[in-house]
Amino acid sequence: MDGEAFVVKLYGLPFNITNIASGLVAFIIVAIVVIALSRQLSMKPTGKQNVLEWLIDFTNGIVKSAMPGEEGKKFNLLAFTLFLFIFVSNQLGLFLQIGFGDKTLIKSPTSSPLTTLTFAFLVILLSHFMGVIQLGFKGYLKNSYLSPVAMFIPINLIEEFTNLLTLALRLYGNIYAGEVLLTLIGGAVSMGPVMTIVALPVEMIWQGFSLFIGSIQAYVFVTLSMVYIGGKVQKE
């Protein structure tokens with residue numbers, strides 16, 4: 001499904017209903033999964049609690065690899081939440097796409113550049129904010145822009161902009177391309193029984209591959225986010 005997004009204007013401001021609804025569905029799925037896995041916790045974990053603790057250990061490991069010191073522990077919950085939400089957002093379009101006519105209502109939220117740019121912007125903004133909190137304003141400026149020498153200021157400023165774009169567009173490009181290919185493969189089904197026989201196994205294979213790509217991209221996004229934040233809160 002590759003229709004246009006639902007956009008409504010309120011007091012002259014455009015609101016992308018597709019992104020809002022898709023993000024809300026992803027949030028509900030994440031909330032249900034976490035609540036279900038965290039019910040009836042015990043000191044000796046079994047079953048679903050093991051799954052939850054494995055996820056927490058996995059994301060904690062991402063943070064620790066980027067920020068080995070004590071300051072990294074405060075970002076464990078951020079990494080856990082960010083990973084789950086992006087993972088679900090990446091996979092949503094594989095099993096749930098809803099549209100009306102030429103409009104799409106529900107799809108993978110991360111197949112929209114507006115969503116991924118928002119994620120990336122918030123991560124970069126948080127990294128600067130935490131840098132000031134952790135090192136003070138003078139220490140933040142010295143660590144971020146005057147290291148290793150002051151003449152690197154232009155390069156450091158360009159790097160801030162490229163970090164934002166690469167963090168957002170890497171995620172968007174992979175997820176959007178996957179959905180476009182699924183749409184093209186799905187369209188082949190309407191070309192007759194022969195194409196249907198060919199397209200169905202191809203679609204199943206590509207869905208499995210997209211699941212893998214979505215998982216990797218969630219991991220890459222969280223890893224780079226922690227690296228960027230670590231670069232601001234740790235002295236070089």
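As the structure is a computational prediction, the values presented were derived from the model and not from experiment. Counting begins at 1 with the first residue of the sequence.
For F75 against V63, the heavy-atom pair with the smallest separation is O-CG2, 3.8 Å. The two residues L135 and Y140 make their nearest non-hydrogen contact at CB-N, 3.9 Å. Contact record, L92 with K107: CD2-O, 3.4 Å, taken as the closest heavy-atom pair. The shortest heavy-atom contact between S111 and S108 is OG-O, 2.6 Å. Closest of all the heavy-atom pairs between N163 and T166 is O-OG1, 3.3 Å.
Atoms CD1 and OG, on I56 and S38 in that order, are 9.0 Å from each other to the nearest 0.5 Å. Between atom CG of residue L24 and atom CD1 of residue I106 there is a gap of 8.0 Å, rounded to the nearest 0.5 Å. For the atom pair NZ (K73) and CE (M67), the distance works out to 13.0 Å, reported to the nearest 0.5 Å. Rounding to the nearest 0.5 Å places CG of L37 at 10.0 Å from CD of Q49. With rounding to the nearest 0.5 angstrom, the CD1 atom of I155 is 11.0 Å from the OG1 atom of T162. Taking CG of L164 as the start and OH of Y228 as the end, the distance is 9.5 Å to the nearest 0.5 Å.
Tracing side-chain contacts under 4.5 Å through hydrophobic residues (I, L, V, M, F, W, Y), one never reaches I35 starting from V33; they form parts of separate clusters. Cluster membership check: V7 does not share its hydrophobic cluster with L117, using side-chain heavy-atom separations under 4.5 Å among Ile, Leu, Val, Met, Phe, Trp and Tyr. Hydrophobic clustering keeps Y172 apart from L114 (ILVMFWY residues linked when any side-chain heavy atoms are closer than 4.5 Å, directly or through intermediates). Residues L122 and V30 are members of separate hydrophobic clusters, defined by side-chain heavy-atom contacts under 4.5 angstrom among Ile, Leu, Val, Met, Phe, Trp and Tyr. Residue F27 is grouped with residue I32 when hydrophobic side chains (ILVMFWY) are merged at heavy-atom distances under 4.5 angstrom, including chains of intermediate members.
With N76 contributing its side chain and D57 its backbone, the two residues share no donor-acceptor pair below 3.5 Å. Here the side chain of T59 pairs a donor or acceptor atom with the backbone of L55 at under 3.5 angstrom. With S127 contributing its side chain and I229 its backbone, the two residues share no donor-acceptor pair below 3.5 Å. Judged purely by atom type and a 3.5 angstrom limit, S144 has no side-chain atom pairing as donor or acceptor with the backbone of L141. The closest donor-acceptor contact from the side chain of S89 to the backbone of A26 lies at 3.5 Å or more, if one exists at all. A side-chain donor-acceptor contact under 3.5 Å links S65 to the backbone of I62.
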Could you walk me through whether Q234 and E71 pass the side-chain contact (heavy atoms from CB on, under 4.5 Å) check? CA-CA 8 Å; Q234 297 180 119; E71 67 273 8; 3.0 Å; yes

Candidate pair I86 and N90, rule side-chain contact (heavy atoms from CB on, under 4.5 Å), full reasoning: CA-CA 6 Å; I86 292 179; N90 290 350; 3.7 Å; yes

Could you walk me through whether I175 and T116 pass the side-chain contact (heavy atoms from CB on, under 4.5 Å) check? CA-CA 10 Å; I175 305 306; T116 58; over 6 Å; no

Stepwise, does the side-chain contact (heavy atoms from CB on, under 4.5 Å) test hold for K48 with R39? CA-CA 9 Å; K48 60 185 181 181; R39 296 293 297 271; 3.9 Å; yes

Please list every donor-acceptor pair under 3.5 Å in which a side-chain atom of residues 215-227 meets a protein atom from a residue at least two apart or in another chain.
unit_1 : atom_1 : unit_2 : atom_2 : d
S215   : OG     : L211   : O      : 2.8
T223   : OG1    : Y219   : O      : 2.8
S225   : OG     : F221   : O      : 2.7

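Heavy atoms from other residues, nucleotides or ligands lying under 6.0 Å from CZ of F121 number 12 at most.
Aromatic ring pairs are classed by plane angle as parallel below 30°, tilted from 30° to 60° and perpendicular above 60°; the pair W54 and F58 is parallel. Using cut-offs of 30° and 60° on the angle between ring planes, the pair F87 and F83 is parallel.
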